[in-house]
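To keep things clear, I will list the structure first and then write my remarks on it.
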Number of protein chains: 2
Amino acid sequence: MQKLTAQRQAILDMINRSDKHWEADDVAYALKEEGVQIGIATVYRGLAALAEQGLIESIQLADKKRYERADKAHHDHLICTDCGNIEEFCEPEIEALQDKVAAERGFKIEGHQLLLFGLCKTCKAGES
Amino acid sequence: MQKLTAQRQAILDMINRSDKHWEADDVAYALKEEGVQIGIATVYRGLAALAEQGLIESIQLADKKRYERADKAHHDHLICTDCGNIEEFCEPEIEALQDKVAAERGFKIEGHQLLLFGLCKTCKAGES
DNA sequence: ATGCCGAATGATAATCACTATCACTATCAT
DNA sequence: ATGATAGTGATAGTGATTATCATTCGGCAT
Ligand SMILES: [Mn+2]
Ligand SMILES: [Mn+2]
Ligand SMILES: [Zn+2]
Ligand SMILES: [Zn+2]
């Protein structure tokens, strides 16, 4: 079974003290910054282990995974294709409709991913 | 500008004559099967070019891209985590709510991706 | 305290989908 | 024909992630 080692605790603390959506490299770099020595493979394994235990959340973007705190209510994401900023939103009506769609087909939902791509307010304002 | 070469026409025909969600390898293999010789890089480039021209649709799954016919109305996907089967659904109310969420934030939507993961009817029935 | 065992670590090799490079070819306009 | 432009295909490279493997750590039974 999974252990909460010093390295994993350091990763968990790092993620828990911000609202960022972290990628593995970011975590490794930030830990190195504050003097925690940890191999990149250990970061990947730690993130996977913590997510599996529900101590952090993971979201799958196009190419890479991001991790965030697990102590927030469920939400989905708006991703700015210009600056990369990620906003969060919660829309219970959408979730309910997803359940309806699945129920109609005899499909048992285990999870979902809703990503809205486009321009955030700031980037939209600065368009040519 | 983009040309509709013989290779790209072959890719397009292959995709248009089925309802599958193709990955690049599948297309390359199927073409080889029917005697069309085409390099894998050309398949990747052809798929990207056809999608850019709107002649086929692309969806981004966790790790790899899939391509499908473009002559269907917009829809999202239910993905069986057991057998890999992909079902389609269309739910205008969800699309409308997405627009509402974005509008509230001054976010300009350029695209979205909604994936529902879980067990299809068949796989749900055969669970232990 | 000592030894054992499963899990974790970290350096590094490997994987996998995809993209870049590059020499060559096909197409089209003059 | 000539040149410009885009495409092709073999292959090398990329980047995120995972596998390998020798070494180390953390309990726990003796
Ligand atoms: Mn989030
Ligand atoms: Mn589809
Ligand atoms: Zn932005
Ligand atoms: Zn299934």
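Reckoned from all heavy atoms, side chains included, excluding hydrogens, waters and symmetry mates.
- For the pair K32(B) NZ and dT8(D) C1', the computed distance is 13 Å after rounding to whole Å.
- Rounded to an integer number of Å, the gap from CZ of R66(A) to C1' of dT17(D) is 15 Å.
- Taking 4.0 Å as the cut-off between side-chain N and carboxylate O, E88(B) and K72(B) count as a salt-bridged pair.
- Residue contacts for Q7(B): at a heavy-atom cut-off of 4.0 Å it reaches the sugar-phosphate backbone alone, with no base atom in range.
- The interatomic distance linking D63(A) (CG) with dG15(D) (P) rounds to 12 Å, in whole Å.
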Using atom names, set out every protein N or O paired with an N or O of nucleotides 21-30 of chain C below 3.5 Å, distance rounded to 0.1 Å.
{"residue": "dT21(C)", "atom": "O4", "partner": "R45(B)", "partner atom": "NH1", "Å": "3.4"}

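- Rounded to whole Å, the distance from CD on Q2(A) to C1' on dG26(D) is 16 Å.
- Put simply, Y44(A) has a side-chain N or O that comes within less than 4.0 Å of OP1 or OP2 on dT17(D).
- Across all strands shown, T42(A) has heavy atoms under 4.0 Å from base atoms, whether or not it also approaches the sugar-phosphate.
- Between Y67(A) and V27(A), the closest side-chain pair of non-hydrogen atoms is not below 4.5 Å.
- Partners of R69(B) under the side-chain hydrogen bond (donor to acceptor under 3.5 Å, both in side chains) rule, at least two apart in sequence or in another chain, are D19(B), D71(B).
- With dT8(D), dG9(D), dT17(D) as the choices, the nucleotide that has an atom nearest any side-chain atom of Q37(B) turns out to be dG9(D).
- Note on E23(A): nothing from the nucleic acid sits closer than 4.0 angstrom, heavy atoms only.
- Rounded to an integer number of Å, the gap from CD1 of I38(A) to C1' of dT24(D) is 15 Å.
- One atom, CG of L47(A), and another, P of dT9(C), lie 11 Å apart when rounded to the nearest Å.
- Within a 6.0 Å radius of NZ in K121(A), no more than 12 heavy atoms belonging to other residues, nucleotides or ligands are found.
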For L78(A) and N85(A), run side-chain contact (heavy atoms from CB on, under 4.5 Å): C-alpha distance rounded to whole Å, both residues' side-chain angles, the deciding distance at 0.1 Å, then the answer. CA-CA 8 Å; L78(A) 293 142; N85(A) 188 51; over 6 Å; no
